[in-house]
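Scroll down for the structure; my scribbles are underneath it.
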Amino acid sequence: EQSIGAGNPYPVSEYVCEGTRLAVRLMGESASVSVDGAAAVELPKVGESGTTFSNGSQTLTIEQGRLSWSNDSAAQVACTGG
């Protein structure tokens, strides 16, 4: 029997971004991202489009279903997977 609220309502999607592994959980107003298996960081939504999440140093962008990632102001790299 499943108890109400059991499990996480936000599924994790796995991506690979030029050798960096991301586990991404989209939560509406924020995105939870684990980089290469590290503890997840929460990136708040930036702007009105709802497709960019950033904490100032790490940025996740989703455009037309494609995901890209930049870390510490490095150039954004495209990700595959999901």
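In summary, the side chains of Q76 and T59 do not present any donor paired with an acceptor at a separation below 3.5 Å, with no hydrogens or angles considered.
Residues T61 and F53 fail the side-chain proximity criterion, which asks for heavy atoms closer than 4.5 Å. The closest side-chain heavy-atom distance from L22 to L67 is below 4.5 Å. Two residues are said to be in side-chain contact when any heavy atoms from C-beta on lie closer than 4.5 Å; L43 and S54 fail this criterion. Side chains of W69 and E18 form no contact here, defined as non-hydrogen atoms less than 4.5 Å apart. With a 4.5 Å cut-off on side-chain heavy atoms, V35 and V41 do not count as touching.
Residue pairs meeting the side chain to side chain donor-acceptor pair (under 3.5 Å) criterion with at least one member in residues 31-42, sequence neighbours excluded: S30-E42. Applying the disulfide (SG to SG under 2.5 Å) definition to pairs two or more places apart or across chains, none involves residues 28-76. Listed by first and then second residue, the disulfide (SG to SG under 2.5 Å) pairs involving residues 47-82 are C17-C79 (not counting sequence neighbours).
Atoms OH and CE, on Y10 and M27 in that order, are 7.5 Å from each other to the nearest 0.5 Å.
Linking Ile, Leu, Val, Met, Phe, Trp and Tyr residues whenever their side-chain heavy atoms come within less than 4.5 Å leaves V46 and I62 in two separate clusters.
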* Asked: After noting the C-alpha distance and the side-chain angles of Y15 and V24, does the key distance pass the side chain to side chain contact (heavy atoms under 4.5 Å, CB included) rule?
  -> CA-CA 8 Å; Y15 296 89; V24 177; 3.8 Å; yes
